[in-house]
Amino acid sequence: MDVFGGAPRFLAYPRPVVVQSGTDAVLKCQIGGDPRPAVIWERNNEKIDPQGRYRVFEDGNVYNLIISAVTTEDSGQYICKAKNSIGETYAAATLKVEGEAQEMELREENKPRFLIKPLSTRVGRGEDAVFSCKLWGNPRPEVVWEKDGRKLNEIFESTHFNVGYQDGGWFQLKIFKTRAPDGGVYTCKARNEFGESLAGAVLLVDAGPGHEEEGNLKMFAVTEGKHAKFRCFVTGKPKPEIIWRKDGRLILSGRRYLLYEDREGYFTLKVLYCKQKDNGVYVCAASNTAGQTLSAVHLSVKEPLVRFKQPLIDLEVWERDLAVLECEVPEDSVPITWYLEDRRLQPGAKYGMEEWGTKRRLTIRDIGVDDDGIYLCEMPDGGRSIAEVAVKGTILRKLPRKVDVLEGENAAFCVEVEKEEMDIHWYKDGVELRETHQTIIKSFGRTHILVFVNTMPEDTGLVTFLVGRSKTSSQLRVKAARHCPPSSPVGVQINTERANAALLSWIPAQDSRRNPPSGYVLERQEVGTGSQEWLQCLTTDSATSVEILGDSVPCEADYRFRICSVNKYGKSNNVEFPRAVHLVPVARIQAPLQDALVPEGQDALFSIELSASVIGTWFLNGTQLQEDERFSMRRSRTHQSLRIRGVRDTDNGAEITFIAYGIRDSAALYIQGMCDHFHSLPKSPLVKFSPLSEMDRNKFVEAGNPIVLYCELSDPAAPVHWYKNGVELQKMEGVHIQSEAEFFHSGLYCCKTKGDTIMFNVDIKAPPVNIFDIERTKSLEAGKALELECEVADSTVPVCWYKDGVKLSPQNGLDIQSNGMLRRLVIPSAELLHSGLYSCETADDTIHFTVDIKAPPVTITTLCEAERNKSIEAGESLVLQCEISDPNAHVTWYKDEIELHEAAGHDMLAEDSIRTLAFQSVMPSHAGTYTCKTRDDAMQFHVDVKGEKIFIAGCCEPSQDQSTQVNWYKDGDEVTPQNNVEIQPDGPAGTLLIQSADNAHDGTYECSTSDDTFTLKVDVKGDFFLSLLSSYIFNISIVLNERCEGFSSLLMRTWYYLLGSVFCLLIVTYAFLSKIFFSVNLIISPATPVRFSALTESQMELCQQTSERMVLSCEISRPNAVVRWYQDGLEVEENDNLILEVDGVYRRLIIPETTVKDSGEYVCDTADDSMTFFVNIAEPPVRFIRPRKMASRVEKVAGESLVLDCEVSRSNAEVTWKKNGKEVEDSRHEQGMFRSLVVLNAGLEDSGEYTCDAVDDQMVFCITVKEPPVQIIGNSGHPEHHILVAGDDLILECEVSQPNANVQWLWNGEVLQPDTRTKIDSYDVVRKLVISGLQPSDSGKYILRVTPTSSPLIPCKMKVKFIRPLENTKMMPVVAEEYSEAILEVEVSLDSGEVQWMRQGVLIHPGAKYTLKHMGHKHSLTIHKLTMSDRGIYSCETLHDRTQAQLTVERECAILK
């Protein structure tokens, strides 16, 4: 058999590839050849196995090798080899992988970084705020300032802020006349081609006083205990400042008042758990520089149906005290539930809950800052009683319980404490926070702020603020921004009319505009193989249909298809196409059939090799073969074979034929011995069919039409046989070569002759159902009924209605009707969204309707003449307003037929049906005709702006010649008279006048004649503008004109410039003499040395304890001087725990949390001077803060576990546990600042005095371990009755729990003693009483009593108790007058008892302020010169007891005489 084509050849050789490390590399080449060559890739003489990082991909005759995530080791030469049955060829490709180290080094070296970060600041309302930072980057980075994640020009007008740059890398943001809304987090983002950097700072604006009047009053009611929410939507530019007031009093955000701006732009006030005192008028006042407005509402709090007899009362308590809330319900049986805001409380160690009668009580123990809040007592019917518990202590303003932010937003936390310079710490999930570029920690006096910039979901956690022993916590929740995968495509259809192909089509989902897909992925599944695997067959970007050809599948089979949408956030659900399709790959013969010579009785084997896997049929002398005992057919991918078992003599010369889709080949079978030279024998001529077109072999016939199947033979006399679906057809009534088609005639027809077969595929279809339309285009106004109607040819045929490709179904507002042959879609009230393309479809026909729903025309209310014609003075504000009929309609503003857009200087506002164009300050250029247009109407305004003349250029006097021509130029362009520019050639002088000058008139002006030129530089904003071009210009003189008579004037002006470290004095002189000169004199003075201001010895020598904040500060003589810091001779660099701060003339080195290794000599050095600091950091002495259980005599029963624990002042403290002076080796535990000793199964020998020794302090515990109480085993508690006869013996016996237990026998309450008749026995745990020879007088009640055993006395210090505690045991305040003395006195039980005095839990030491006295059993504390800050809880503690009192200080009253 002839072979067409040739050996493989490279149509395009592989090119060298250079890629970066970590990316994917693709090597490709284009190869031709027939048969199609097999291609492999090699490296280092080894074949590359396409798995792991290596993938091989074929696209037609282009062969690709893809290497994923390359490294430098992948560099080298790769060989592509191609081979087929004709020959082979190869070519080499070079891959070079460049490392990233050099690029990363360059990027790190040149990307922006902050040398000095912006500092947080606090200003008063109306003051200016300035943020400055110093940046480095090459090229110079672009800087963008943002507030709370939004660019400044989006929220501020351009006149409210200024962004500047100065030499040396200094960038500055200045905010003018700050308002309350200006407060927030400001971030500076610096970016260049090598990367970006970010730094943030906080601005606090202290609110000032304000007052408003109430506007229109609205009414609002809420049930007591529920929340009230007021929302106010305000627009304006600059952004308005919002103030909320209740009954004239300013409302600040607090425990029950939440003030915020929600995500929809509404300013919101939320009043939590409303009470009767919340009744009143609430006013929202909004103001900016353009004016103010307000809105008011009256809140009425309704009482519940069932009321508490006695409601809860607000409470104010100190930290670590006890809080008791009490109320009374209507009836004894009413159950209640306690809540802390939205959290239900449960009884336990923290909360005690009591009920007696109608009284209900909640006790909160060891109260802390986080217990501050709203407490509710709720009855089953919903009735609530509410109380506010305010916890007073170190923390004055606590954290909110939770903070919710979206990903990318800032999360801010603010706390206020009672004193400045307190040691504070921030934690998240128990880990202490340090300031970074994304974590801002700032302190302003008593206010401390934490801000997380650009939050991410992993920032979620528990934020804790700690000062001393007080803490407050908040749960931060960062919600991930919702990124949705696209929706699934709809309207999937498959069309198989074209043979061996499938046309797949679909429609994008309705929300594709809002959530667009980036592409579509098609997958196929082979049917009938048992495999459920789906394989990707192709992807497409935007197409909505694709044709799948048989040549694209690997083998002949039935295939199903499905599709999904994809984007970068994921993929949609798969949608399967409605039915399967049979596809056959286009195959070619690679190895044809060969004639076979076989001995009789043996097997004959025929095989053929194809280029693709297809299903074929074998024929013997034109008869189709079936698998049986004699014939065996096998198919393995592209290889097909036929085995004929035991050939016979009758098979000699038989023709073997293989037929598949588009392929046909034949060979002959010869029997050995019957034809020894079969190659030389001529073959009998085979009968062949003439080839037919695909259309002739595939017949699609409508029912009722004739079927015509015809074929042409090479031998007209050859007989043929016709088959349908493998069954031979016989001539009968109704079946001939030509016949009228009916549905049962569909099938596969075959015409066979000796040597050939031809196949016909017949498909009988029902006649199409056509649709007859009435009206295809509908246009109507919104609100009217929409009816679409069409007529079908068959009344029984169902139809489907679609809108924009989406199938419609009956629902509210949409009705689908069928009446005979009429099909109707009815929408009773059409809306704008009903516009679109509608389709009515049957199986055979489709009709489309175009529907356009029009909105009613938008008109503009006519205005009076005065409103449409405006005449104002320059500098005043201008407001143009009109009212439209549709509040949601869009309008466009024009000036002199040119469309206006949002820009600085004017605002476009829309509020309800009012549309406004506003100018803050008009100029003459704003004069003209303004038009407000809707799509249907327009309104014109005529504006005239009056301005005053301003001279900005002087006159020049060229000569006495009146005919001299004077020309004026600006920046080289000639100036001509126009609008507000005039040229007045009055007499010999030439004058240029510009009316209402603005920034556009800045520039260089020249007055020129034919002989001379006069130059003047103009800056409209300032006086005279001078640009210094060089630092080394001396005495430059320029002749301006030929001659002027007389001495006209002399003017001297002086400017000072600061250039680096050199001060320059420039003197500019104008002299009008016989000639005019312009001279510049530059005087350079030497730079002044940088000096330090003197510090005291205490400022230069610092002694601190670890974990404290250390600040080294010095003042220099020049604010721009550069200093360097050194520690022990080595230069220090800024890091997380070392901050170098620049603040004007001050230079600071700050260590937020010191350690011992921070001790040393620190030097701040300039080029001219230095300042030395000596720092000594020591660990603080270890103190026992307080035992977790008060230390005292502890009694335990043998066998129980003994736990001794206490709290030390620092977590790294080491302690030693001792028993009776000897170190204990039992189980010791350390957890943070808590230390504990555990003795399991304590015995009597474990009794003694235990000491926890921390070197600087001790804690003593006295432990007594007792035997467990003796019990009588089997004692039921009921008396036993015995009836005996006189003379008998009484025997009473029982068993006790311990062998050494002491017992007594009693008779009628008297203790029995052993005698001649009474015997008392004891052995092991048995106790027995025997009375011999009973007498009637022995009757009575006998009792066995266990007597307690005495435990060994453990020597221990006696407990010191208060005999007379402080006067104030019920926390009634002790009152004293300011500047007087207060004396607190207690009496203890022992003369030698030691006490400790404390205020607010802090130990008091004797000094000028406090006097501590001890006389016998009495102890006293005297507080001298009382001030308001001395108020608080004072306590006196012994080792075993505690008493406390509250001291209240009243201001001194002035007595008027």
Side-chain angles (χ1 to χ4, degrees), residues 487-497 503-514 544-545 563 575-579 700-705 743 763-858 885-886 888-889 935-936:
S487 299
S488 304
V490 297
V492 294
Q493 294 182 355
I494 183 169
N495 188 322
T496 57
E497 290 184 0
L503 179 62
L504 309 177
S505 61
W506 61 90
I507 299 171
Q510 284 183 310
D511 64 348
S512 58
R513 289 187 178 180
R514 178 172 51 84
T544 56
S545 64
I563 188 171
V575 179
E576 193 170 327
F577 286 85
R579 61 179 182 273
F700 297 93
V701 184
E702 288 186 12
N705 292 337
F743 289 112
D763 185 11
I764 309 300
K765 290 188 173 182
V769 179
N770 295 320
I771 302 177
F772 307 99
D773 62 297
I774 299 175
E775 184 180 1
R776 289 187 177 227
T777 302
K778 290 277 189 179
S779 180
L780 67 158
E781 285 189 8
K784 295 185 177 180
L786 169 64
E787 292 188 8
L788 303 179
E789 188 178 75
C790 58
E791 185 178 353
V792 294
D794 185 352
S795 61
T796 62
V797 172
V799 300
C800 294
W801 287 91
Y802 296 86
K803 178 183 180 293
D804 298 327
V806 179
K807 187 175 180 180
L808 300 177
S809 58
Q811 54 184 313
N812 291 336
L814 188 147
D815 187 19
I816 296 176
Q817 301 174 357
S818 176
N819 185 10
M821 294 185 180
L822 289 179
R823 302 293 183 266
R824 186 179 291 114
L825 173 68
V826 180
I827 300 176
S829 180
E831 300 177 14
L832 295 178
L833 57 89
H834 292 131
S835 297
L837 181 66
Y838 289 78
S839 305
C840 182
E841 295 185 6
T842 67
D844 307 294
D845 201 3
T846 302
I847 187 169
H848 299 285
F849 300 86
T850 301
V851 175
D852 182 20
I853 308 298
K854 296 180 178 180
V858 180
S885 58
D886 183 1
N888 298 318
R935 68 172 185 272
D936 306 300

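Along the sequence shown, the residues carry numbers beginning at 1.
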So, do Val826 and Leu786 sit near enough that their side-chain heavy atoms are less than 4.5 Å apart? no
Minimum heavy-atom distance between Lys778 and Leu788, given as atom pair plus value: CG-CD2, 3.6 Å
Once you round to the nearest 0.5 Å, how far does CD of Gln493 lie from CZ of Phe577? 9.5 Å
For Ser818, check side-chain contact (heavy atoms from CB on, under 4.5 Å) against everything at least two apart and list the hits. Arg823
Output all residues satisfying side chain to side chain donor-acceptor pair (under 3.5 Å) with Thr850, sequence neighbours left out; order by chain, then residue number. none
Approximate separation, where rounding is to 0.5 Å, of Ile816 CD1 and Ser809 OG: 6.5 Å
For Arg824, salt bridge (charged side-chain N to carboxylate O under 4.0 Å, His left out) partners two or more places apart: Glu789
Among all residues two or more places apart in sequence or in another chain, which pass the salt bridge (charged side-chain N to carboxylate O under 4.0 Å, His left out) test with Glu576? Arg560
Kindly compute the distance separating CD1 (Ile853) from OG (Ser835), expressed to the nearest 0.5 Å. 5.0 Å
If a pair satisfies ring-ring contact (aromatic ring centres under 6.0 Å, His included) and one of its residues is in residues 777-803, list it, with sequence neighbours excluded. Trp801-Phe849
For Asp815, the side chain to side chain donor-acceptor pair (under 3.5 Å) test, sequence neighbours excluded, returns Gln817
Who are the side chain to side chain donor-acceptor pair (under 3.5 Å) partners of Ser839, not counting sequence neighbours? His848
Heavy atoms of Ala785 and Leu780 approach each other most closely as O-CD1, 3.3 Å
Taken to the nearest 0.5 Å, the spacing of Glu841 CD from Cys790 SG works out to 11.0 Å
Please identify each residue that fulfils side chain to side chain donor-acceptor pair (under 3.5 Å) with Glu781, with sequence neighbours left out. none
Indicate the atoms forming the closest heavy-atom contact of Pro857 with Asp936, along with that distance. CA-OD2, 3.0 Å
Can you name the nearest heavy-atom pair linking Lys854 to Ser779, along with the distance? CE-OG, 3.4 Å
Please list, chain by chain and in numerical order, all residues satisfying side-chain contact (heavy atoms from CB on, under 4.5 Å) with Ser545, sequence neighbours excluded. Ser505
By side-chain contact (heavy atoms from CB on, under 4.5 Å), which residues pair with Ile507, not counting sequence neighbours? Val490
Less than 4.5 Å apart, any side-chain heavy atom of Leu504 and any of Ile563? no
Decide yes or no for Leu814 and Leu825: does some side-chain heavy atom of the first lie under 4.5 Å from some side-chain heavy atom of the second? yes
With sequence neighbours left out, what residues match Asp804 under side-chain contact (heavy atoms from CB on, under 4.5 Å)? Leu837
So which heavy atom on Thr544 is nearest to which on Pro508, and how close? CG2-CD, 3.9 Å
